A.B. asks: 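Got a structure for you, questions after.
All values below were derived from every heavy atom in this structure, side-chain atoms included, with hydrogens, water molecules and symmetry-related copies excluded. Nothing here was measured: the structure is a model prediction, and the numbers come from that model.
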Amino acid sequence: PLEMAELDYDFHYSIFEATGNMIYPLLINSFKKIYIKVLTEFYSNKSVITEVFRLHSALALEIVNKNASKSYDAMKAILIFGENNLKKMLEK
């Protein structure tokens with residue numbers, strides 16, 4: 001779970017860094033410790049991993065294809081999936 005959390009962080013950090021806007025990397029870096037802690041718990045549920053890889057792959061593909069609209073939709077899907085699963089974690 002810790003390795004998955006770190007990979008997830010690195011993936012999103014790379015995207016933010018690639019924007020050229022230094023605010024995004026600074027923002028995500030400012031809450032890295034809590035990000036890693038929460039996602040380590042998130043990835044303790046191994047059932048989420050396949051879908052996370054699918055969603056992140058879809059986002060990466062749309063970024064490579066320079067399709068802003070589909071990139072937005074892919075990122076939104078990642079956030080919705082994460083939110084839904086984090087809510088389930090908190091309910092336990």
A.B. asks: Is there a side-chain contact between N67 and S69 in this structure, where contact means two heavy atoms from C-beta onward sitting under 4.5 Å apart?
C.D. replies: yes
A.B. asks: Is I34 linked to L39 within one hydrophobic cluster, defined over Ile, Leu, Val, Met, Phe, Trp and Tyr using a side-chain heavy-atom separation of less than 4.5 Å?
C.D. replies: yes
A.B. asks: For A74 and A58, work out which heavy atoms get closest and say how close.
C.D. replies: CB-C, 4.2 Å
A.B. asks: Keeping N29 on the side-chain end and P25 on the backbone end, is there a donor-acceptor pair under 3.5 Å?
C.D. replies: no
A.B. asks: Do any N or O atoms from the side chain of D8 and from the backbone of M4 form a donor-acceptor pair under 3.5 angstrom?
C.D. replies: no
A.B. asks: Assess, by modelled atom type and distance only, whether the side chains of N21 and T19 contain a donor and an acceptor separated by less than 3.5 Å.
C.D. replies: no
A.B. asks: Same hydrophobic cluster for L55 and L79, using side-chain heavy-atom links shorter than 4.5 Å among ILVMFWY?
C.D. replies: yes
A.B. asks: Output every pair passing ring-ring contact (aromatic ring centres under 6.0 Å, His included) with a member in residues 27-49, not counting sequence neighbours, ordered by first then second residue.
C.D. replies: Y9-Y35
A.B. asks: Taking a hydrophobic cluster as the set of Ile, Leu, Val, Met, Phe, Trp and Tyr residues connected by side-chain heavy atoms closer than 4.5 Å, whether directly or through intermediates, do M75 and Y72 fall within one such cluster?
C.D. replies: no
A.B. asks: Check this for me, if you would: do K87 and E83 make a salt bridge, where the nitrogen-to-carboxylate-oxygen distance has to be below 4.0 angstrom?
C.D. replies: yes
A.B. asks: Do the side chains of I78 and I80 join up, straight or via other hydrophobic residues, at under 4.5 Å, putting them in one cluster?
C.D. replies: no
A.B. asks: Whether E51 and R54 form a salt bridge (side-chain N of Lys/Arg under 4.0 Å from carboxylate O of Asp/Glu) is what I want to check.
C.D. replies: yes
A.B. asks: Do H12 and I28 have side-chain heavy atoms sitting under 4.5 Å apart?
C.D. replies: yes
A.B. asks: If I take atom CG from residue L26 and atom CD from residue E17, how far apart are they, to the nearest 0.5 angstrom?
C.D. replies: 10.5 Å
A.B. asks: Identify whether M22 and F16 are in the same connected component of the hydrophobic contact network (ILVMFWY, side-chain heavy atoms under 4.5 Å).
C.D. replies: no
